[in-house]
Amino acid sequence: MVALLDGELQALAGVLEKELGISIADMPGAGAAGGFGGGAVALLGAELRPGIEVVLDTVDFDRHVRDADLVITGEGRVDSQSVRGKVISGVARRTKTAGVPLVVIAGGIAESAEEAYELGVTAMFGIDREAVAFETYAHKSAENYRRTLEDVLRLIRSVER
C-alpha cells in the first residue's frame, strides 16, 4: 500500500510540474497528509513551514522566553527524528538563541537523542520509573510524567537555596 501511495504522489507531482511548472517532488513536507502540502503549494500558492514553528510564532514564544529562567517541554520519545522538525527541535533552537536552559521530559529517550544537546537541550529525563517495557507502564504515563516533573522541580529548588 505504501509503495502504491508513494507512486501516486510521484505521479501527482509530475502532473503538477508539467501543467503548472511547479516542482514539489523533492519539497520537504509536500507529501505529508497524502500530498496535501504539495497540492496547497502548487494550487493555492501556500508556503510550507514546520508545524512547531507556526505554533511558536502563534503563541509569541520568543517574547515569552526572554523573561524565562527555564523552559520545560516534552515528547513521547526523544530520538534522532526529534531534532528534525518535531517540538523539541523548534523549542531548543529558540531557547538556545535566548540563552534559556531547556529541560525535556519524555516517555522514552533513545541513544540517538544525543543530537538534541547540540540543538540546545540542557537535560533530558525519561518517565520510565521502573525500567520496564513501555507497554507495562503506559497506563501510568500521566502519573509518571507528573512525578518526573516534580523531581526536576525539586532539583531546581535545591539549587536555588
Side-chain angles (χ1 to χ4, degrees), residues 1-2 5-6 9 24-41 44 46-161:
M1 182 60 81
V2 172
L5 293 174
D6 189 53
L9 283 174
I24 62 165
D26 296 321
M27 184 181 293
F36 181 83
V41 168
L44 303 173
E47 171 192 354
L48 294 184
R49 294 179 54 208
I52 186 58
E53 297 302 328
V54 173
V55 170
L56 293 174
D57 288 346
T58 300
V59 300
D60 202 7
F61 183 86
D62 295 336
R63 180 176 59 84
H64 292 295
V65 78
R66 280 192 298 245
D67 296 324
D69 294 320
L70 174 72
V71 172
I72 300 173
T73 190
E75 197 161 298
R77 178 174 170 81
V78 182
D79 55 27
S80 61
Q81 290 184 359
S82 301
V83 299
R84 292 178 188 83
K86 291 175 97 178
V87 170
I88 289 173
S89 64
V91 174
R93 282 188 194 92
R94 295 192 185 203
T95 55
K96 184 176 184 178
T97 298
V100 176
L102 174 63
V103 171
V104 174
I105 299 177
I109 302 172
E111 286 185 36
S112 60
E114 298 294 314
E115 296 176 59
Y117 293 121
E118 295 171 24
L119 280 181
V121 170
T122 305
M124 294 184 280
F125 298 89
I127 67 167
D128 180 359
R129 301 180 74 84
E130 301 174 33
V132 295
F134 175 73
E135 295 77 23
T136 305
Y137 74 90
H139 67 285
K140 296 189 330 186
S141 291
E143 175 188 343
N144 287 350
Y145 182 89
R146 182 193 55 75
R147 291 173 65 195
T148 303
L149 176 60
E150 186 176 290
D151 287 341
V152 169
L153 295 175
R154 286 174 188 270
L155 175 61
I156 293 167
R157 187 175 5 162
S158 75
V159 173
E160 290 179 343
R161 289 185 182 164

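Throughout, numbering of the chain's residues begins at 1 and tracks the sequence.
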Exercise. Going from OG1 on Thr148 to CG on Leu153, what distance comes out if it is rounded to the nearest 0.5 angstrom?
Worked result: 11.0 Å

Exercise. Are the side chains of Val78 and Val121 in touch, meaning some heavy atoms are under 4.5 Å apart?
Worked result: no

Seminar exercise, completed: Val54 meets the side-chain contact (heavy atoms from CB on, under 4.5 Å) criterion, sequence neighbours left out, with Arg49, Thr58

Exercise. For Met27 and Leu48, which heavy atoms make the closest approach, and how far apart are they?
Worked result: SD-CD1, 3.9 Å

Exercise. Between CG of Asp151 and CD1 of Ile127, what distance do you get to the nearest 0.5 Å?
Worked result: 12.0 Å

Exercise. Partners of Arg84 by side-chain hydrogen bond (donor to acceptor under 3.5 Å, both in side chains), sequence neighbours excluded?
Worked result: Glu115

Problem set entry | Partner residues of Glu111 under the side-chain contact (heavy atoms from CB on, under 4.5 Å) criterion, sequence neighbours left out | none

Seminar exercise, completed: When rounded to the nearest 0.5 Å, the distance separating NZ of Lys140 from CZ of Arg147 is 7.0 Å

Exercise. For residues 63-74, which residue pairs qualify under salt bridge (Lys or Arg N to Asp or Glu O under 4.0 Å), counting only residues two or more places apart or in two chains?
Worked result: Asp60-Arg63

Exercise. Which heavy atom in Met124 sits nearest to a heavy atom in Ala113, and how many Å separate them?
Worked result: CE-O, 3.6 Å

Donor-acceptor contacts under 3.5 Å from residues 93-106 side chains, at least two apart:
residue	atom	partner	partner atom	Å
Arg93	NH1	Ser89	O	3.4
Arg94	NE	Glu53	OE1	3.3
Arg94	NH1	Asp57	OD1	3.0
Arg94	NH1	Asp62	OD1	3.4
Arg94	NH1	Asp62	OD2	3.3
Arg94	NH2	Glu53	OE1	2.7
Arg94	NH2	Asp57	OD1	2.8
Thr95	OG1	Val91	O	3.1
Thr95	OG1	Ala92	O	3.2
Lys96	NZ	Glu118	O	3.1
Thr97	OG1	Arg93	O	3.0

For this session: Taking all non-hydrogen atoms of both residues into account, name the closest pair between Ile156 and Leu70 and its distance.
Result: CD1-CD2, 3.1 Å

Problem set entry | Partners passing side-chain contact (heavy atoms from CB on, under 4.5 Å) against Ala123 (at least two apart in sequence or in another chain) | Phe125

